[in-house]
Trainee: 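This structure is in structure tokens; I'll ask about it shortly.
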Amino acid sequence: MKWKTLQHNGILFPPAYEAHGIKIKIKGENVDLNLNQEEMAYQWAKKKDTPYAQDKVFQKNFTEDFAKTLPAKFKNISYQDIDFSHAYKIVDKEKDLREMMTKEEKKALALKRKELREKLVQKYGKAIMDGKEVDVANYMAEPPGIFIGRGDHPLRGRWKPRVTAKDVTLNLGKEAKVPEGNWGKIVHDNDSMWLAGWTDYLTEKRKYVWLADTAGLKQDRDKAKYEKAVKLSKEIEKIKERIVKDMKSKDPKISRIATVCYLIYRTAMRVGDEKDPDEADTVGATTLRKEHINITENTIEFDFLGKDSVRWQETVKAEGNDKQFQENLKKLIQNKKPKDEIFEDITSRHVNAYYSSIVSGLTAKVFRTYLATTMVKNYLKEHDNIKGKTPNEKLYHAKLANLEAAIMCNHKRTIPKTYEDALQKKRDTLKNIAKEQPWKKTMDALKKAEAMEAKTDAQKKNKAKKIKTLNEQIKKQKEKHSERAEKLQLQIDLSEKTKDYNLGTSLRNYIDPRIFKAWTNEVGVEWEKLYTAALQKKFLWVQNEKVLWSELAKN
DNA sequence: TACCGGACTTAGGAACTGCTCT
DNA sequence: AGAGCAGTTCCTAAGTCCGGTA
């Protein structure tokens, strides 16, 4: 049971589509559009300048769904048959109007948006769970639109229809007042955390409305996740021994399971669950195929598409226990074809059953938490001559630790289009800063003061005072100048190092926040400088933890 | 064991905000 | 003061894990 009482105001639906008077032609013939069809055309037009619009599968999928809504004679049209030029014109015009708006108009519009949002949050953004007010995360139903998957998703370009109240199930306490609306179903499932849910027409996946990270229930679970990783770290030697032993097992199935488990422990790879055929072809540890690995004399090379079709390229040097691992892999792929799964009949269930037989509650994903957290802890431990450094250097240092975790978890990002230009600009600015001498004027004043004639005691005193003040001023100016240069230099360095890595995901989901909490306390830098306002709220539970770096650093 | 589907966590990129530098 | 952009939040897709049923 997760709660006793639960009250909320249901969910909000996106506004109905407003007609723009879009006209289209199919094979040269004018075709009238109803509101739904026009909405589809409008959404397509909004995508026209993105790479999606050039994607053949995207075009074909959209055209098919669009054709389904049209008269029978258009059933078999192809993308090239449709003339969207009027829709494109309308979208361009809207964009122009937005850009032509004056500062004041933009500001007024932003303010209006903000006010509306605040009003809606008042009504839908709060729930009362067990007598306490808690924030709701996503209280709005997903708007209709063109499905954009990641990688080669077979459904990309298809139309995701509008969700209405009758599609939605609300989860409320028995005592709660049912919010007004034509809801599909009301349930009182106090074993669940969701407030509302519906099944997505297109993907046939269940969608949910959840509480925000700030809710007590969420905080407890987040802490429990990191506690699991702590438990794993305490038992890691035992686990490793068992896996290494079982990799040599005579029972081929046990050996296979142990080999996948070693892979996960060694690389922080995801376990790799079963997938639907109408999803992008991505893999994890248990679903790796022969074509994804290459074994050389003393390495194992991995190259495959993982979650979100992010490429995972890694070379594992086979040393120590890795030798057995390498041997097992070699044997496993021996008589297989490139498309064959390396671990054949092994699934995530086998892996998790095996792990939890060693440590209760242990599953594959805990390894990613454990490995990312350990990475950060060890990096900070090994680079501990930091206390005398500036706050900028300390934070830079923490971010390098964060980067280690991101690399471990393979949190890659596409390099931003403006990356090179932005970096060059920073380099140029740094060069200019080096040339600047903002203390020069003060220096001149100092020289003048020094040359000043002073006869009486009062004059001498006055002169000395002036010289002292100017010297102090110069010192301050120089400090400020060098700090500015230092800050920019560190920024440049970090942006080069994190070029294609995304630090946010590991910070949010994998690194035990108590590590950075203890470390920032230890070295005297603000914890808040590492975590955004939203993350500070997510990790509110950390505030009640007594964490000492000296204790954490012991193991 | 195979398969299905529900519940919950993790994920990258788009959209937006607000801060810094000129 | 205003532009430009870095940092942050939002969005929702895509995973993990597990219970249930045949």
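Note on naming: letters A, B, ... go to the chains in the order of the sequence lines (proteins, then strands), and numbering restarts at 1 for each one. None of the values given here were measured: they were computed from a predicted structure.
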Trainee: Starting at atom NZ of A/Lys307, determine the distance to atom P of C/dT16, rounded to an integer number of angstrom.
Mentor: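 Taking atom P of C/dT16 as the reference, NZ of A/Lys307 is at 7 Å.
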Trainee: Whole Å only: how far is the NZ atom of A/Lys412 from the P atom of C/dG15?
Mentor: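 In whole Å, C/dG15 P lies 18 Å from A/Lys412 NZ.
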Trainee: Could you work out, with ring pair (Phe, Tyr, Trp, His ring centres under 6.0 Å) as the rule, every residue matching A/Trp210, not counting sequence neighbours?
Mentor: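 Applying ring pair (Phe, Tyr, Trp, His ring centres under 6.0 Å) to A/Trp210 gives A/Tyr208.
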Trainee: Given atom CG of A/Asp152 and atom P of C/dA14, what is their separation to the nearest angstrom?
Mentor: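 That distance rounds to 12 Å.
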Trainee: Listed by chain and number, what are the ring pair (Phe, Tyr, Trp, His ring centres under 6.0 Å) partners of A/His8, not counting sequence neighbours?
Mentor: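 With sequence neighbours excluded, A/His8 shows a ring pair (Phe, Tyr, Trp, His ring centres under 6.0 Å) to no residue whatsoever.
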Trainee: Please determine, by modelled atom types, if A/Tyr510 and A/Arg368 share a side-chain donor-acceptor pair under 3.5 angstrom.
Mentor: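 Present: a donor and an acceptor within the cut-off.
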Trainee: Nearest-Å distance, OH (A/Tyr419) to C1' (C/dA6)?
Mentor: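 It is 14 Å, rounded to the nearest whole Å.
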Trainee: Can you name the ring pair (Phe, Tyr, Trp, His ring centres under 6.0 Å) partners of A/Phe58, sequence neighbours left out?
Mentor: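 Expected list: A/Trp44, A/Tyr52.
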Trainee: Can you list every pair that meets side chain to side chain donor-acceptor pair (under 3.5 Å) and has a residue in residues 141-155 of chain A, with sequence neighbours left out?
Mentor: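 For residues 141-155 of chain A, and leaving out neighbouring residues, the side chain to side chain donor-acceptor pair (under 3.5 Å) pairs sorted by first residue read A/Glu142-A/Lys160, A/Glu142-A/Lys207, A/Arg150-A/Asp308.
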Trainee: For A/Thr414, answer base if it contacts any base atom (sugar-phosphate contacts may also be present), sugar-phosphate if it contacts only those atoms, and nothing otherwise; contact means non-hydrogen atoms under 4.0 Å.
Mentor: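 Sugar-phosphate contact only.
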Trainee: Report which part of the nucleic acid A/Ala280 touches: base, sugar-phosphate, or nothing (heavy-atom distance under 4.0 Å, all strands).
Mentor: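 No contact.
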Trainee: Select from A/Gly284 and A/Asp200 the residue whose nearest nucleotide in DNA chain C is closer to the 5' end of that strand.
Mentor: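 Closest to the 5' end, via its nearest nucleotide, is A/Asp200.
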Trainee: Pick the closest DNA chain B nucleotide for A/Thr199 and for A/His411 by heavy atoms, then say which residue is nearer the 5' end.
Mentor: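 Its nearest nucleotide lies further toward 5', so the answer is A/Thr199.
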Trainee: Tell me which residues in residues 267-276 of chain A lie within less than 4.0 Å of DNA chain C, going by non-hydrogen atoms.
Mentor: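 Listed by number, they are A/Arg270, A/Val271, A/Gly272, A/Asp273, A/Lys275.
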Trainee: What closest approach, in Å, do A/Arg514 and A/Val230 show between heavy atoms, and which atom pair accounts for it?
Mentor: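 In terms of heavy atoms, the two residues are closest at NH2-CG2, 4.0 Å.
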Trainee: Side chains of A/Thr418 and A/Asp421: any donor to acceptor distance under 3.5 Å?
Mentor: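 No donor-acceptor contact under 3.5 Å links the two side chains.
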Trainee: Classify A/Pro143 by what it touches in the nucleic acid, base, sugar-phosphate, or nothing, heavy-atom distance under 4.0 Å.
Mentor: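 The residue A/Pro143 makes sugar-phosphate contact but no base contact.
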Trainee: Base, sugar-phosphate, or nothing for A/Trp210, non-hydrogen atoms under 4.0 angstrom?
Mentor: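 Here A/Trp210 touches the bases of the nucleic acid.
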Trainee: Touch check for A/Lys253, heavy atoms < 4.0 angstrom, all strands: base, sugar-phosphate only, or nothing?
Mentor: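 The residue A/Lys253 makes sugar-phosphate contact but no base contact.
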Trainee: What's the closest nucleotide to the side chain of A/Lys207 if the choices are C/dG20, C/dA13, C/dC17?
Mentor: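 Given the options C/dG20, C/dA13, C/dC17, the side chain of A/Lys207 is closest to C/dA13.
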Trainee: Would you mind telling me which residue lines up with the more 5' stretch of DNA chain C, A/Ala137 or A/Tyr531, judged by nearest nucleotide?
Mentor: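 That would be A/Tyr531.
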Trainee: Please find the pair of heavy atoms, one from A/Leu507 and one from A/Leu530, that lie closest to each other, and give the distance.
Mentor: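 Heavy atoms of A/Leu507 and A/Leu530 come nearest at CD2-O, 3.4 Å.
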Trainee: Across the strands shown, which category fits A/Lys218 at heavy-atom distances under 4.0 angstrom: base, sugar-phosphate, nothing?
Mentor: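 Sugar-phosphate, backbone atoms only, no base.
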Trainee: Quick one: is C/dA14 close enough that its OP1 or OP2 comes under 4.0 Å of any side-chain N or O from A/Ser309?
Mentor: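 Answer is no, no contact under 4.0 Å.
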Trainee: Of all residues at least two apart in sequence or in a different chain, which pass the salt bridge (Lys or Arg N to Asp or Glu O under 4.0 Å) check with A/Asp303?
Mentor: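 Applying salt bridge (Lys or Arg N to Asp or Glu O under 4.0 Å) to A/Asp303 gives A/Arg311.
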Trainee: Counting any heavy atom closer than 4.0 Å, what does A/Arg117 reach on the DNA or RNA strands: base, sugar-phosphate only, or nothing?
Mentor: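 It contacts sugar-phosphate atoms only.
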Trainee: If I take atom CG in residue A/Leu155 and atom P in nucleotide C/dA13, what distance separates them, rounded to the nearest angstrom?
Mentor: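 That distance rounds to 11 Å.
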Trainee: Under 4.0 Å, heavy atoms only, any strand: does A/Lys538 hit a base, just the sugar-phosphate, or nothing?
Mentor: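 Result for A/Lys538 = nothing.
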Trainee: What contact category does A/Lys425 fall into here, base, sugar-phosphate, or nothing, at under 4.0 angstrom with non-hydrogen atoms?
Mentor: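 A/Lys425: backbone/sugar contact only, no base atoms under 4.0 Å.
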Trainee: Please find the earliest and latest nucleotides of DNA chain B, in the 5' to 3' direction, that have an atom within less than 4.0 Å of any heavy atom of chain A.
Mentor: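 Answer, 5' to 3': B/dT1 to B/dT22.
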Trainee: Residues in salt bridge (Lys or Arg N to Asp or Glu O under 4.0 Å) with A/Glu496, at least two apart?
Mentor: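 With sequence neighbours excluded, A/Glu496 shows a salt bridge (Lys or Arg N to Asp or Glu O under 4.0 Å) to A/Arg427, given in chain and number order.
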Trainee: My understanding is that only residues two or more places apart in sequence, or in another chain, count here; which of them pass ring pair (Phe, Tyr, Trp, His ring centres under 6.0 Å) with A/His350?
Mentor: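 Checked A/His350 against ring pair (Phe, Tyr, Trp, His ring centres under 6.0 Å); zero matches.
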Trainee: Enumerate the residue pairs fulfilling salt bridge (Lys or Arg N to Asp or Glu O under 4.0 Å) with a member in residues 399-415 of chain A, sequence neighbours excluded, ordered by first and then second residue.
Mentor: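 Sorted result for residues 399-415 of chain A: A/Lys412-A/Asp500.
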Trainee: Verify, without hydrogens or angle tests, whether A/Thr286 (side chain) and A/Gly272 (backbone) share a donor-acceptor contact under 3.5 angstrom.
Mentor: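 Yes.
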Trainee: Heavy-atom contacts under 4.0 Å between residues 362-375 of chain A and DNA chain B, which residues?
Mentor: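 Those residues are A/Lys365, A/Arg368.
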Trainee: With sugar-phosphate meaning primed atoms plus P, OP1 and OP2, does A/Phe147 contact a base, only sugar-phosphate, or nothing at under 4.0 Å between heavy atoms?
Mentor: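 It contacts sugar-phosphate atoms only.
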Trainee: Once you round it to whole Å, what is the distance between C1' of C/dT8 and CG of A/Asp213?
Mentor: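 Whole-Å distance recorded here is 14 Å.
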Trainee: Is a donor on one side and an acceptor on the other found under 3.5 Å between the side chain of A/Trp198 and the backbone of A/Lys166?
Mentor: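 Such a contact is absent between A/Trp198 side chain and A/Lys166 backbone.
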Trainee: Below 4.0 angstrom from OP1 or OP2 of C/dA13, is there any side-chain N or O of A/Lys160?
Mentor: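 Affirmative; the distance criterion is met.
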Trainee: How many whole angstroms separate atom CD of A/Glu204 from atom P of C/dA14?
Mentor: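 Atom CD in A/Glu204 sits about 15 Å away from atom P in C/dA14.
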Trainee: Taking 4.0 Å as the cut-off, does a side-chain nitrogen or oxygen of A/Asn352 come that near to OP1 or OP2 on C/dC17?
Mentor: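 True: A/Asn352 side-chain N/O within range (under 4.0 Å) of C/dC17 OP1/OP2.
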Trainee: NZ of A/Lys114 versus C1' of C/dT9: gap in Å, rounded?
Mentor: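 Nearest whole value for this atom pair: 14 Å.
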Trainee: Looking at every non-hydrogen atom in both residues, tell me the closest pair between A/Met1 and A/Lys4 and how far apart they are.
Mentor: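 That would be CE-CG, 3.7 Å.
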Trainee: Please work out if A/Thr203 contacts a base, only the sugar-phosphate, or nothing of the nucleic acid, heavy-atom cut-off 4.0 Å.
Mentor: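 Nothing: the residue A/Thr203, judged by heavy atoms under 4.0 Å, touches no strand.
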Trainee: Kindly give the heavy-atom pair with the smallest separation between A/Asp512 and A/Thr373, and that separation in Å.
Mentor: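 Shortest heavy-atom contact: N-OG1, 3.1 Å.
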Trainee: Which range-with-range stems can be found for DNA chain C when each stem has 3 or more Watson-Crick or G-U pairs in a row and both distances sit under 3.5 Å?
Mentor: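 The stems that DNA chain C takes part in, listed by first number, are B:1-22 with C:1-22.
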Trainee: Please figure out whether A/Tyr510 or A/Ser192 has its closest DNA chain B nucleotide nearer the 5' end.
Mentor: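 Here A/Ser192 is the residue nearer the 5' end.
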